[in-house]
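Each chain gets a letter, A, B and so on, in the order the sequences are listed, and its residues count up from 1.
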Amino acid sequence: AQSVTQLGSHVSVSEGALVLLRCNYSSSVPPYLFWYVQYPNQGLQLLLKYTTGATLVKGINGFEAEFKKSETSFHLTKPSAHMSDAAEYFCAVSDRGAQKLVFGQGTRLTINP
Amino acid sequence: NAGVTQTPKFQVLKTGQSMTLQCAQDMNHNSMYWYRQDPGMGLRLIYYSASEGTTDKGEVPNGYNVSRLNKREFSLRLESAAPSQTSVYFCASSEAPSGSGETQYFGPGTRLLVL
């Protein structure tokens, strides 16, 4: 069965620093890949997704992620962190033809002034 | 266009009580989902409905039942609540099942406390 691993349940960076949130999946066949963000006391909203084509995907709020098939990874990055980026981030994966998403455990991002 | 709405926002139950969580979407989506979110465990799928008239179990269905009332509405019922069901519940919808690359859109959540 598909599984998703997010390395680091908590990540803390300084304002203006690089943000790197790691996600690895288990399937050998490239799946569909998603990053969602959850702000406090809210539902999840899509940041970006990879379905096919270009492996570097750009999303909202300056985030991007790169699909690396050889590493079964889909890490999320942002060049310069902003205080408003403080939230919980979830990586999710869906096998092609499957009915559902499988979520990682989440990474809470804290931004230090 | 409200997207996905959930009621209630917050509920306190005593062990053994029953309740129904309501979810509705106005995006004409075919697929709907119920998740629970617990600290350190991400979101876990309880039940889903790939299309109107069908429902299927997810990862953690025990203690829950669902009804796809029509294309817009998908309810989750706890017949006899237990403290282990204390959680935040999210409803989501998508135009087609996730295996086609479709985005799921989430509601604001229902916080449930079972005493």
Peer 1: Sub-4.5 Å heavy-atom contacts with chain A: which residues of residues 17-45 of chain B show up?
Peer 2: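 Near chain A, by residue number: B:Tyr33, B:Tyr35, B:Gln37, B:Gly40, B:Met41, B:Gly42, B:Leu43, B:Leu45.
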Peer 1: Please look at A:Thr51 and chain B and tell me whether the side chain, the backbone, both or neither of the residue comes under 4.5 angstrom of a heavy atom of that chain.
Peer 2: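 It is the side chain, since no backbone atom gets that close.
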Peer 1: Tell me, side chain or backbone of A:Gln38 under 4.5 Å from chain B's heavy atoms, or both, or neither?
Peer 2: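 It is the side chain, since no backbone atom gets that close.
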Peer 1: Residue by residue, scan residues 50-84 of chain B and write down, ordered by number, those that have a heavy-atom distance under 4.5 Å to chain A; if none do, write 'none'.
Peer 2: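 So far as heavy atoms go, B:Ala50, B:Lys57 are the residues that approach chain A to under 4.5 Å.
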Peer 1: Are A:Leu7 and A:Val4 in one and the same hydrophobic cluster, where Ile, Leu, Val, Met, Phe, Trp and Tyr link if side-chain heavy atoms are under 4.5 Å apart?
Peer 2: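 Looking at the clustering, A:Val4 is in a separate group from A:Leu7.
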Peer 1: So which bits of residues 100-113 of chain A come within less than 4.5 Å of chain B, counting non-hydrogen atoms only?
Peer 2: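 Answer by number: A:Lys100, A:Leu101, A:Phe103, A:Gly104, A:Gln105.
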Peer 1: Flag yes if A:Val37 and A:Val13 sit in one hydrophobic cluster, no otherwise; membership is Ile, Leu, Val, Met, Phe, Trp, Tyr, and two members link when side-chain heavy atoms are under 4.5 Å apart.
Peer 2: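 Yes, A:Val37 and A:Val13 fall within the same hydrophobic cluster.
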Peer 1: What residue, out of A:Leu46, A:Leu44, A:Asn41, has the most heavy-atom pairs lying under 4.5 Å from chain B?
Peer 2: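 The answer is A:Leu44.
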Peer 1: For A:Tyr36, is it the side chain, the backbone, both or neither that has a heavy atom under 4.5 Å from a heavy atom of chain B?
Peer 2: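 Looking at A:Tyr36, just its side chain touches chain B.
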Peer 1: Tell me whether A:Ile60 is reachable from A:Val57 by hopping between hydrophobic residues (I, L, V, M, F, W, Y) whose side-chain heavy atoms are closer than 4.5 Å.
Peer 2: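 They do share one cluster, since a chain of ILVMFWY contacts under 4.5 Å joins A:Val57 to A:Ile60.
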Peer 1: May I ask you to list the residues in residues 101-114 of chain B that approach chain A closer than 4.5 angstrom, counting heavy atoms only, ordered by number?
Peer 2: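 Near chain A, by residue number: B:Gly101, B:Glu102, B:Thr103, B:Gln104, B:Phe106, B:Gly107, B:Pro108, B:Arg111.
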Peer 1: Do A:Phe63 and A:Phe67 land in one hydrophobic cluster if side-chain heavy atoms of ILVMFWY residues count as linked below 4.5 Å?
Peer 2: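 Same cluster: A:Phe63 reaches A:Phe67 through Ile, Leu, Val, Met, Phe, Trp or Tyr contacts under 4.5 Å.
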Peer 1: Shared ILVMFWY cluster between A:Tyr25 and A:Tyr50, side chains joined below 4.5 angstrom?
Peer 2: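 Yes, one cluster joins them.
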Peer 1: Kindly give the heavy-atom pair with the smallest separation between A:Ala98 and B:Pro97, and that separation in Å.
Peer 2: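 Residues A:Ala98 and B:Pro97, closest heavy atoms: O-CB, 4.1 Å.
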